[in-house]
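Inspection log for the structure reproduced underneath, given as structure tokens.
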There are 2 protein chains.
Amino acid sequence: MSQSIRRAVDLIRRAAEYPLSLTEAAEVLGVHKSTALRILQTLESARFVRRTGAGTYVLGSGIIELSELALGAMDLRQFAAAPLRALQRETGHTVHLAQLTGDEIIYIDKVDSSAFDAVKLPSRVGRAVSIYASAVGKVILAYLPTAERDRLLSHVVFERFTDTTYADRESLDAELDHIREQGWAVDNGEHDAYVMCVAAPIRDSRGRVIAAASMTAIEVIASLDELKSSLPLLLDTANQISRELGHTADKG
Amino acid sequence: MSQSIRRAVDLIRRAAEYPLSLTEAAEVLGVHKSTALRILQTLESARFVRRTGAGTYVLGSGIIELSELALGAMDLRQFAAAPLRALQRETGHTVHLAQLTGDEIIYIDKVDSSAFDAVKLPSRVGRAVSIYASAVGKVILAYLPTAERDRLLSHVVFERFTDTTYADRESLDAELDHIREQGWAVDNGEHDAYVMCVAAPIRDSRGRVIAAASMTAIEVIASLDELKSSLPLLLDTANQISRELGHTADKG
DNA sequence: CGCTGCATTGCGTATGATGCAACGGTTGGC
DNA sequence: GCCAACCGTTGCATCATACGCAATGCAGCG
């Protein structure tokens, strides 16, 4: 694989964390300063990094623009931002917005818990989440057309993360039936034993489920039952977002 | 400058716009398929692009994570998101959040006007904005410690964009005095003749101004006077965000 | 004024990126 | 059910390109 591109990626990552001088950059890569300079100049011309007045390099706007381009492809994120924040405020739980893009479920927004962050959730905007071992994954899966669902799951190699994981197609299918019946999904520590979620589907103007909103809690802080007690608010929020996307509230 | 890195950047940009097959990628760059493959594999290992089930390449989560890292470095964005959206909803104007990072003022959030977008504002999250010819820039500048302000302005080459631009240090300093007196700043078409803004400072827990919120309008839609009529809401919003950041409301 | 630490430039060289050609896997058509 | 066409992948020889070196420029500081 391409050496210089690897090096470029390394520098971008470093620059995102901390302003990087040329000399530091060269040290980090273990190359001559002139080499580091050429890489950084190339990245700068793409606005992937930017020079500060102090001569150090930091992450540039090019990266952020690309990210906005990818995340903002739909208006979903804009429409969802306010309702999700209201939900977080009312319930106190960490709130996620996840979307099916390609073959993956990606977090496209996250509102942190107002609690004192005793435990930081490892989730991150942009990161893929298990399609069969998460509440958002399952709820999206549940409402997908059969052909699409089969296509997605055909590539999946099931893995048993915890005791509660639905680790084979048969038990997962039963769970998905159940989710369709009740209209929302639970993650009872199916990926990480101590992480509990509830998720509700979000529909576009054609009534197709394209995303999901979820509330997450560490077991210690809020048990699954506590999460469920906020369920009406979650469902309201998801429906409200669906409406803003143009979904007219007939059954999907 | 590094050829392969340039090529990699090209492919990332393309992949962000549209899923790219290997053959397409090779054609775009004008190189052999094997070359394109190696570049894409390298990018994939960095999660800068990702393969879809169909075998095409699209933008990966690595880019998005970097962007979030840069934007979310402070909790500012999280805390500000809801109040800014409320402000947009109440006033109808486009709302911006800008932050001083390094030597530049960067937009870190934007809430589009609910108007039918007759005119699209060219602003973008991640993009730098003039430090002396914008309301957010001036309001941040106004409240900066003198030494810091001098440092920032020492590198600046003033340029007169429009008739109203404060294009020299003396007139700018007078304007900054005025801003400190009244507690907010105006951009009376100082960068683009038809773009009007008002901006208010946001303070962190130590009372230091680290960011600014602004409302923008195209002159045709809302004159500066109309913007000013919404000023109390803007100031409330900025103060609310400051409070969420831990600012206790004594004079800064 | 000279020293130190930094970024930058020119250049010859070797390493690593490249193109080629052969292989393998999948799709679709006859 | 076979063949053909297409796409992605791999191994390898070649040479272009990214590299290190050393010299230069430039600022800050004692």
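Heavy-atom basis, side chains included; hydrogens, waters and symmetry copies ignored. A note on names: the letters A, B, ... follow the listed sequences, proteins ahead of strands, and every chain is numbered from 1. What you are looking at is a predicted structure, and each value in this text was computed from that prediction instead of being measured.
Taking 4.5 Å as the limit, some side-chain heavy atom of A:Ile39 sits within range of a side-chain heavy atom of A:Arg7. Contact check for A:Leu176 versus A:Lys138: side-chain heavy atoms found under the 4.5 Å cut-off.
As rounded to whole Å, 15 Å separates atom C1' of D:dG11 from atom NZ of B:Lys33. Atom CD1 in A:Ile39 sits about 13 Å away from atom C1' in D:dG20, given to the nearest Å. Rounded to whole Å, atom C1' of D:dT17 lies 16 Å from atom CG of A:Leu37. Note: CG (B:Leu20) to C1' (D:dC7) measures 14 Å, nearest angstrom.
Under 4.0 angstrom from either OP1 or OP2 of D:dA18 there lies no side-chain N or O belonging to A:Gln3.
Using a 4.0 Å heavy-atom distance criterion, A:Ser34 is classed as a base contact. Residue contacts shown for B:Ser2 are limited to sugar-phosphate atoms, with no base heavy atom under 4.0 Å away. At a threshold of 4.0 angstrom between heavy atoms, the contacts of B:Arg6 with the nucleic acid are absent.
For A:Arg149 and A:Tyr143, the positive end is not near the middle of the six-membered ring at less than 6.0 Å and at most 45° from its axis.
Here the closest non-hydrogen pair linking B:Asp150 and B:Arg169 is OD1-NH2, 2.7 Å.
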Pair A:Glu24-A:Arg14, salt bridge (Lys or Arg N to Asp or Glu O under 4.0 Å): steps then yes or no: CA-CA 10 Å; A:Glu24 285 170 329; A:Arg14 296 282 186 152; over 6 Å; no
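Note that the CG atom of B:Leu141 and the CZ atom of B:Arg180 stand 9.0 Å from one another [nearest 0.5 Å].
Remark on DNA chain C: of its neighbouring residues A:Ser4 and A:Gln41, the 5'-side contact belongs to A:Gln41, judged by nearest-heavy-atom nucleotide. Comparing A:Arg7 and B:His32 along DNA chain C, the residue whose closest nucleotide (by nearest heavy atom) sits nearer the 5' end is A:Arg7. Sequence order on DNA chain D of the closest nucleotides to B:Leu22 and B:Arg38 puts B:Leu22 first from the 5' end.
The footprint of chain A on DNA chain C, defined by a heavy-atom cutoff below 4.0 Å, extends from C:dC6 to C:dA17.
Taking the six-membered ring wherever Trp is involved, the centroid distance between the rings of B:Tyr166 and B:Tyr132 does not fall below 6.0 Å.
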